[in-house]
Amino acid sequence: MFPRIFSSSLLKFASMHQEFEAVIGLEVHIQTNSKTKAFCGDSTAFGASPNAQVSAVSLAHPGTLPRINKRHVEQATLLGLSLGCTIQPITYFDRKHYFYADLPKGFQTTQDGSPICIGGTFEFMHNEKVHSIRIHHIHMEEDAGKSLHEGEQPFSQIDLNRAGVPLLEMVTEPDFRSAEEVHDFIHALRLHVQYLAISDGNMEEGSLRCDCNISVRPHGQETLNNRCEIKNVNSARFARQAINYEIQRQSKIMREGGMVDQETREFSASTGKTTLLRSKEDAHDYRYFPEPDLPPLHMSPGDIKQLETLVPELPLAKMSRFLELGIEEKDARLLVGNKSASDEFDAYLTSDREHTPRAIAKFWINQLMPQQKERSIPEGRALQKRVREYLNLLDGGKVNRSAANQKLWPVAFDSNLSLESVAKEIGILRDGSEALDLDSLVKDLIVQNPVEAEKLRRGKKGLISFFMGQVMRATGGKAEPQKVSEAIKKAIDQK
Amino acid sequence: MALKGTTCVERTRIALANAEQHRDRNAFVELFAEEALQRAQVLDKKKSEGGSLGALFGVIVSIKDVIAYQGHSLTACSKILDGFRSVYSATVVERLLEADAIIIGRTNCDEFAMGSDNRTSIYGPVKNAIGNNKIPGGSSGGAAVSVQVGACDVAVASDTGGSVRQPAGLCGVVGFKPTYGTISRHGLIAYGSSFDQIGLLGYDLSQLEMVFEVIKGRDDHDATLIDTPDHTPFATDEPPRIGLMQNALEHKSLDPHIKESIQKLTGDLQSNGASVETFAFEFLDYVIPTYYVLASAEASSNLSRYDGVRYGYRAEEAESLDDMYRKTRTVGFGDEVKRRILLGTFVLSYGYYDQYFGKAQQVRRLIRDELQVQLDRYDYLILPMSPSVAWGIDEVKSPVELYLADIYSVLANLAGLPAMSLPLWTNKSGMPYGLQILGAPFQEKKLLFHAREIMSSHEKR
């Protein structure tokens, strides 16, 4: 939900919405999970102590040269192929110049004139419908380091661990019309890169950041008005806030007959507002030119074909397959939203023809995935074997389902014994003795709870569950509900 | 002056003594005296113990102060790298050491290798060992003089627009710049990345060839290296077909004595059976502007890293980051370097890129293609090395005058070709001047073969 700062202005915005249309395009920076930097062998691991991952190349010492990271190229290509982009057979790197303390070389190595991927579309769910956004291009580049300005200190601190970390920049066409679309897009993109296994998509660690370009215009107008660029928004929620604020700000200017200035702005998460960073007049002249230290990058049709085979089933396709399998929509959505869990699920499905995908999905959502969040459990074969054993145990009626879910499944991986033995150990296995004792147990309970028994006898059927609960407590959950229910009815009638 | 002596220690002592004796020439910014002697001892011991000896066993080399040597100062003769020590070694340095060469010291040069007379160094000018108070050429003036005075067998330097060959010519030693992409630039301070190439100076062609063999070839650090076929030895009895760049010889800036010498030489070569044909190179007038636009553009980018943030000189008492940059770079760079940074920044600026950088790139391609046409026709091309002999250290020259003096040398860099300066002549006052020969890409062996032929037939006369 929106923070409070929007609550009053949103009402105004709702009426303005009729008047103006927002046009939004994004530049999304995806930090890839390559283990080494874009142009040298330094580690990219997150969380190292400052300046621990900086060789002479990262520090731009005299005489150092870049070299292309093959993994980075493959990741760019894979992303492009997954979105139907055209992969360019030859691309170049360029230098983009500006001076800043966390930019060691005084330029960023990027692709300006010839990005590796051109065109393509990104499809994602928005308002229950498949929404499509055109991609302008995707290019490879490197990240800068971090500058830390703390308090009143008369100096800044520079951490260059991030300097040179491989990025993919995806530039969309201005196809978004609302902050909500952008929000859903960012979430979908995050999942997309996780599916491709090219990035963790972790926004807290800055693996996905975007610049948002926004302009507004009266409905029906075809030309675009001046746009503002909001720099470095690092979550889907902030993007939504920033864009909504910006639409409101620009609409107000327009309504008052003004013109929006083309400028670069930044978003503050604490105020929820965007503020001026630099005006058009102060825009950098980046003096791009082809990077002379790197040869042109060639992608052969063979390379591309091979990478094509590595494009996995993507979230939307997986979603429709799950629905076709009869899995409930909310379960399917939860499964698709978790790449590794849904992969395990898929692997299990092929090994189990006895249970319905729907039932297995339920088990995955309700039992397995919550457990995975809390502790690490085995994967692959070991997991499949245990799941199978567990579902079979439930089918056989040897354990009560809810007792098993509460007591047996949580300890299923703590022992090498069969689950039946474990069930016996913790006392929830039905061994046939319950039937004998059940009648007398129920009779005792009726004696102990005369008021409830009387009400039940007079027709207050809800009290069956009261006695059922008592029986279950007394038997440690081992009793079979069907039989308990029969025993209760019998005892009441007998009286 | 060739280095005599039988043991490594003996030869190193002689080299060091020669360097000391000519200290006033200012060829070295640092001598690694103790270190070199220790290494010489180790090498002698290895030999006496019958250990296997590297291809450059006991060869004494100097390195230009733009080549990184781990644990040693590296300044590009600029204030901006004041106090900087390299944490790693250039690939060439590693290969020299692996092959048992001895590194004797760092040689003086123009600041960031930008200059034609070695007068822009923060350590002061280098003096030619020949003549009275003459420049040695540049930017590798110190390297040339280190060879002249017998302080090394071979000087390892860099050649961006003639920085190895031009001083070689003006100092009377051999200068050799291989094809672009042959020798790793890893550890070579960048000036113009698409022009820079490691080159060698010395007296002995065989020694230069040996060093070349050791330092060339694939290196994972440098993506611009081109995998070349093995340089198999080249020899032929066929008389060479030689192309003489006629309009270079007719150029108004060329000293008539140099023209005469070249004409006489080609006559001699012809009488030895060579075929010499003249050709006109139609882009000669574009060579200087093309080179200075492109090399300065690359320099403005390459020198962005010297910002006072991480190493080297930093101006004190700055009020902001921008102020620190401004003060550091204003004080840290010399005038010539600043001139080229400004020029390079301008030609890359918004609105000027196409007119200057873009246009110069197109001309560069034309130059390369045209030279290739001639190299398809001839075994090698002949042209002057410099328009004149070395000038006086106190002689005032405008920047443009100096740029124009590079007219013959920058061609090889624009086209990436292997080229040599051969010390064939001296004028009446004893000042040397050289002949320049250009070969086809990656045909260093062939070029060296012809160089040897030219030099030996010249000596006989």
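The figures here come from the full heavy-atom set of this structure, side chains too, leaving out hydrogens, waters and symmetry mates.
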Counting heavy-atom pairs under 4.5 Å with chain B, which one of A:Pro295, A:Gly106, A:Ala60, A:Gly41 comes out on top? A:Ala60
Rounded to the nearest 0.5 Å, what's the gap from CG on A:Leu294 to OG1 on B:Thr224? Could you check? 8.5 Å
At their closest point, which heavy atom of B:Ser304 faces which heavy atom of A:Phe99, and how far apart are they? O-CE2, 3.4 Å
Any side-chain heavy-atom pair from B:Phe357 and A:Pro290 closer than 4.5 angstrom? yes
Within a reach of under 6.0 Å around OH of A:Tyr92, are more than 12 heavy atoms found that belong to other residues, nucleotides or ligands? no
Is the shortest heavy-atom distance from the side chain of A:Ser55 to the side chain of B:Tyr88 under 4.5 Å? no
As an exercise: rank B:Val87, B:Ile67, B:Leu81, B:Leu188 by heavy-atom pairs under 4.5 Å with chain A and give me the winner. B:Leu188
Does atom NZ (B:Lys359) have a neighbourhood of more than 12 heavy atoms from anything else shown, all under 6.0 Å? no
Looking only at heavy atoms and a cut-off of under 4.5 Å, which of B:Ile226, B:Asn302, B:Leu74, B:Leu303 has the most pairs with chain A? B:Asn302
Please look at B:Asp196 and chain A and tell me whether the side chain, the backbone, both or neither of the residue comes under 4.5 angstrom of a heavy atom of that chain. neither
Salt bridge (charged side-chain N to carboxylate O under 4.0 Å, His left out) partners of B:Arg218, counting only residues at least two apart: B:Asp227
Student check: side-chain heavy atoms of B:Leu321 and A:Tyr100 closer than 4.5 Å: yes
Answer yes or no: does atom CD of B:Glu319 have more than 12 heavy-atom neighbours from other residues, nucleotides or ligands under 6.0 Å? no
Using a heavy-atom distance cut-off of less than 4.5 Å, which residues of residues 309-317 of chain B contact chain A? B:Val309, B:Arg310, B:Tyr311
With a sphere of 6.0 Å drawn around CZ of A:Arg227, does it hold more than 12 non-hydrogen atoms of other residues, nucleotides or ligands? no
Are any of the side-chain heavy atoms of A:Thr64 and B:Arg305 separated by less than 4.5 Å? yes
Could you go through A:Arg287 and B:Tyr353, starting from their C-alpha distance and side-chain angles, then the distance that decides it, and tell me whether this counts as side chain to side chain contact (heavy atoms under 4.5 Å, CB included)? CA-CA 8 Å; A:Arg287 305 192 312 280; B:Tyr353 181 95; over 6 Å; no
Distance (rounded to the nearest 0.5 Å) between A:Leu65 CG and B:His221 NE2: 9.5 Å
Those residues of residues 336-351 of chain B that come under 4.5 Å of chain A on a heavy-atom basis, listed by number, are B:Thr345, B:Leu348, B:Ser349, B:Tyr350
Shortest non-hydrogen pair, B:Tyr325 vs A:Ala101, comes out as OH-N, 3.0 Å
A:Glu173 CD: over 12 foreign heavy atoms closer than 6.0 Å: yes
With a 4.5 angstrom heavy-atom cut-off, which part of B:Tyr352 approaches chain A: side chain, backbone, both or neither? neither
With a 4.5 angstrom heavy-atom cut-off, is it the side chain or the backbone of A:Tyr288 that approaches chain B, or both, or neither? backbone
Check whether the side chains of B:Ser301 and A:His97 place a donor and an acceptor atom closer than 3.5 Å, and report yes or no. yes
Value rounded to 0.5 Å, distance of NZ in A:Lys105 from CG in B:Asp307: 13.0 Å
Minimum heavy-atom separation for B:Ala223 to A:Pro66, with atom names? CB-O, 4.2 Å
What part of A:Ile68 is in contact with chain B, defined as an atom under 4.5 angstrom from a non-hydrogen atom: side chain, backbone, both or neither? neither
Select one option (side chain, backbone, both, neither) describing which atoms of B:Asp322 are under 4.5 Å from chain A's heavy atoms. neither
Please list, chain by chain and in numerical order, all residues satisfying salt bridge (charged side-chain N to carboxylate O under 4.0 Å, His left out) with A:Arg95, sequence neighbours excluded. A:Glu291, A:Asp293
With respect to chain B, which residue among A:Pro104, A:Cys40, A:Ser156, A:Ala56 yields the maximal number of heavy-atom pairs within a distance under 4.5 Å? A:Pro104
